[in-house]
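Below: one structure, written as structure tokens.
Naming: A, B, ... by sequence-line order, numbering from 1 per chain.
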Amino acid sequence: MGTEMNKTYNPAEIEERLYQKWLDKKYFHAEVDRSKKPYTIVMPPPNITGQLHMGHALDNTLQDILIRFKRMQGYNALWQPGTDHASIATEVKVTNKLKEEGISKEELGREGFLKRTWEWREEYGGRIVSQLKKLGSSADWDRERFTMDEGCSEAVQEVFIRLYEKGYIYRGSRIINWCPVCQTSISDAEVEYEDQAGFFWHIKYPVIGSDQYVEIATTRPETMLGDTAVAVHPDDERYTDLIGKKLMLPLMNREIPIVADTYVDKEFGTGAVKITPAHDPNDFEVGKRHDLPEINIMNDDGTINKNGGKYAGMDRYEARQAIVKELTELGLLVKIEPHNHNVGTHDRCHTTVEPLVKKQWFVAMEELAKPAIEAVKNGELRFVPQHFDRTYLHWLENIRDWCISRQLWWGHRIPAYYCADCGEITVSPTKPEACCKCGCHNLTQDEDTLDTWFSSALWPFSTLGWPKQTEDLDYFYPTNVLVTGYDIIFFWVIRMVFSGYEHTGRSPFQDVLIHGLVRDELGRKMSKSLGNGIDPLEVVNQYGADALRLTLVTGNAPGNDMRYSEKKILASRNFANKVWNASRFMLMNIEKADLSDVTLDDLTPADKWILSKANTLVKEVTENMENYDLGVAVSKLYDFIWEEFCDWYIEMVKPRLWNDEDASKGAALYTLKNVLIIALKLLHPYMPFITEEIFCSLQDEEESIMISRWPEFREDYNFKEEENEVEVIKTAVRNIRNMRADMNVPPSKKAKVYVVSEKQEILDIFDRSSVFFATLGYASEVIPQTDKSGIPEDAVSTVIPDAVIYIPFADLVDLDKEIARLEKEAKRLAGEIKRADGMLHNEKFLSKAPAAKVEAEREKLAKYTAMADQVNARLAQLKG
RNA sequence: GAGCGGUUAGCUCAGUUGGUUAGAGCGUUGCGUUGACAUCGCAAAGGCCGAUGGUUCGAGUCCAUUACCGCUCACCA
């Protein structure tokens, strides 16, 4: 690198090279090492069908920051990666591809289809992984896993069998959510409710043996084909006489009873509810209570089946129209009202879900949920930010049994075998020799596969070898933190937690760091349909992975959504460039220098000041990162590097570097280098590439920043006195600049700077810092003195604590402007004095506030009073 | 219907245990470029921290009420 460094940082040139270096050196790889403490993060496995989007970028950036941080702190850091088979998504993708070739899934058959899907996975399943690498993700790719690999599949079978034997997994006919397009059952978590404008159809059902009618209201008239009762509230006087009587179900001409059930809301609709036990969860419950038959009227594709009589074969919406039409003709349709209602849709394809009764496999949740609830309540499991435990607990406390069977081929096939002779179910990892009950050999395996989340639920331990008691599992498990979006708590976090407790006896992780969504500039969700998605890979290509990473964590608190914008990425890019150029500056000067002799005693106050600041920064950044306040930590780093280090320290140090005679040149370079290295190390987790590139150029002892030691707070880097001294200089410089800007004096116009103070130590500071005022305050000369002798009457002045600064400008005597300036200063000080004085006259403040606080206010008051006196004296002089 | 979050500068957002002068980036205004960076520097303007009440010596921060916005869950067929 050296002086030939480019003037601007060019990430494209270095990222790939450095990432390859890290891979070659095996820095990402972790092995069991009992001499070190483990730190483990398990990566949420992206779908093999996935393309990297901003959500992945954020999620993985956060994890990479944490894992790099901990690795540098000396932990044996393992970031366990892998991918998810994504049953429905992949099956749909492959099915569609086949369709293009003119082949149907069924034609191919199960085995042929699976073969094709594995091929598809071979070809495309690694795409998302290579995309994650572009972000700089330091996951242990040697350990990459797949939810359907041998080990994970074994874990799935083991869990299924254990839960089955414990009675927690059962097979039963229950109402489930059915997607007529995907033609599979889905779990409650996969149903997304949408507000839709619909109608209320009021229909008359004739009472048998009278000329009366009962009027019901429904949003789904087609389901009446499956009605097996009408329910009313037992206390509803309008209907008491009718309870127990029969109705003639129109169109089907089926006799159905009128039952009384408190489920019915008297106030709503007509107070009479048609009951379709096979197609509505509530009706299903009513049906159970009253022993009503369940008539399934629908085929798997959403068309009406033979139970729907003449409507058989029609699509569900077609049937609805036909039924309404016919009811109208029969004079049974009373009215149609507009009605908004929530419609359940499948979260993948947004098809309206059809609740229907089917024989499926379920996990009984009641017992499993208990330890997961307890974990959060007793603090074993902690959400960051904490309020997400409410969401978590609410879901768990109201959890229903989990429908885990899917009518798909791609996935873990349910390890259950049915006996053709006696009907007994045998659950076994491999096909059993014989039926466990009758001993016959006529066994067939269940056709269904398991919900994708069934295997994801085991991810934190299945990837480490479970059910085998491996070394990895023993050492790396439980993991330390799980990083994921709030949208995934129900699907995944909850299921991992109860699975962890059930199968390993402990929570799979201690902390759950929740992040929000990355939205577009207008605050909208990024989506394909809106076309407002921003491709992280394009951003990486254009601005570099570091800039993207920085953008994603800056100014964002855990759990909050953030907006992505071009402006933000530019700011990050500019920061990278700033870091680059500060380093470039250093390298241009350091080449020939020998710093081996420099010790802390050689440092000037400015050197000690920046070192001390850097030291404090180390402490704060480390603490913030331990608390997952990554945004806070990085903004402190940003401010330190840009303001303190670049704008002040480098500027202060320049004259020393340009002067080869300066005895403190070596100390300056020594400090520049050390502080820069501290800053780079702290920054590395956020911006791994640029920090590595610079680090390697800066020194030749260590081969990589990513395995270097995280800086620690050092008592010997604590220089309070020097910090104060530089604060005095900074304040003076700022005031001088301010003064000059107010008076419209161009920098080219140098001027003498007089400093008047009664305190010798203040004068000494200015005496030895005159060079700073020459470069930073455009001073031709700095003259510290105890009185005002020799200072021209019309000099412009400014007051700092314990001193007054005068600058005489030869041809500048805009008295009014100067008076206005000073009056503004006086006003500000008066405000401060009033405030401090008020506090100090408050008896309760004096008696109740901590003594140090009171003392601090006293000091402030004294300081401001003295300053105000100076300003007012000067004002009096100018006015007089 | 229930739960949660937000409301702070023109815009986008920080603000860690309450400490009295509330911060950043972008934008705006003025000045500035021969030796790190114009992807830059210097300076400035701009906020009674949604409203009301309370606790406290002290509230952007804690409590209560309320308004608006957003999210999630549960739903009345």
Side-chain angles (χ1 to χ4, degrees), chain A residues 3 5 7-9 193 200 216-220 223 230-231 263-265 267-276 280-283 286 339 341-342 385 387-388 390-391 393-395 398 486-487 489-490 516-517 521 523 543 554-557 559-563 565 567-568 570-589 620 623-624 627 629 631-632 635 638-639 646-647 650-651 654 657-658 733-734 737-742 744-748 776 778 828 831-832 835-836 838-839 842-850 852-854 856-857 860:
Chain A
T3 45
M5 266 175 91
K7 217 170 150 180
T8 51
Y9 172 57
Y193 288 89
F200 236 162
I216 59 94
T218 179
T219 54
R220 299 196 305 155
T223 60
V230 164
Y263 151 72
V264 179
D265 179 355
E267 312 303 323
F268 190 81
T270 62
V273 186
K274 62 192 270 314
I275 300 296
T276 323
D280 181 282
N282 290 311
D283 292 6
V286 175
H339 180 70
H341 57 151
N342 264 348
H387 68 254
F388 281 104
R390 301 291 298 266
T391 310
L393 287 173
H394 182 260
W395 178 268
N398 296 287
Y486 57 69
D487 51 337
I489 294 175
F490 305 132
L517 266 36
E521 200 160 2
Y543 301 104
T554 299
N556 185 241
N560 288 357
D561 288 355
M562 67 164 307
R563 298 186 193 196
S565 75
K567 283 174 182 168
K568 287 182 182 172
L570 283 174
S572 298
R573 188 272 315 259
N574 293 352
F575 179 66
N577 196 54
K578 191 75 185 176
V579 172
W580 182 256
N581 272 292
S583 310
R584 188 163 79 101
F585 169 77
M586 232 218 81
L587 286 161
M588 285 166 68
N589 288 285
E620 292 184 3
E623 279 174 11
N624 287 143
N627 294 328
D629 285 323
V632 175
S635 82
Y638 182 102
D639 290 346
C646 293
D647 292 346
I650 288 183
E651 293 308 322
K654 277 177 178 172
L657 301 180
W658 291 338
V733 167
R734 266 199 282 255
R737 285 169 174 171
N738 193 326
M739 203 163 24
R740 295 178 63 106
D742 277 353
N744 291 319
V745 184
S748 53
L776 307 177
Y778 321 104
R828 188 185 68 90
E832 289 306 316
R835 183 189 52 73
M839 284 173 77
N842 182 339
E843 275 309 317
K844 288 182 171 172
F845 173 69
L846 295 174
S847 59
K848 295 197 174 176
K853 192 71 208 161
V854 175
E857 283 307 319
K860 275 192 210 167

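- For B:G60 and B:A9, the C1' atoms lie 14 Å apart once the distance is rounded to whole Å.
- Applying the 4.0 Å criterion to OP1 and OP2 of B:U12, one finds that A:Arg563 has a side-chain N or O inside that range.
- Geometrically, A:Lys654 engages A:Phe585 in a cation-pi contact defined by less than 6.0 Å to the ring centre and at most 45° from the axis.
- OP1 or OP2 of B:C37 lies within a sub-4.0 Å distance of a side-chain N or O belonging to A:Arg584.
- B:A36 has no stacking from A:Trp580 on its base ring, since the centres under 5.5 angstrom apart and planes within 30 degrees of parallel are not both found.
- A:Glu623 comes within 4.0 angstrom of nothing in the nucleic acid, heavy atoms only.
- Rounded to whole Å, the distance from CE on A:Met839 to C1' on B:U56 is 13 Å.
- Interatomic distance, A:Met562 CE to A:Thr554 OG1, rounded to the nearest 0.5 Å: 8.0 Å.
- OP1 or OP2 of B:A43 sits under 4.0 Å from a side-chain N or O of A:Arg737.
- For B:A14, one of the phosphate oxygens OP1 or OP2 lies less than 4.0 angstrom from a side-chain nitrogen or oxygen of A:Asn560.
- Aromatic ring pairs are classed by plane angle as parallel below 30°, tilted from 30° to 60° and perpendicular above 60°; the pair A:His339 and A:Phe200 is parallel.
- Of the listed nucleotides (B:U20, B:G35, B:A14), B:G35 has the atom at the smallest distance from the side chain of A:Trp658.
- Using a 4.0 Å heavy-atom criterion, one finds that A:Tyr193 contacts the sugar-phosphate atoms exclusively.
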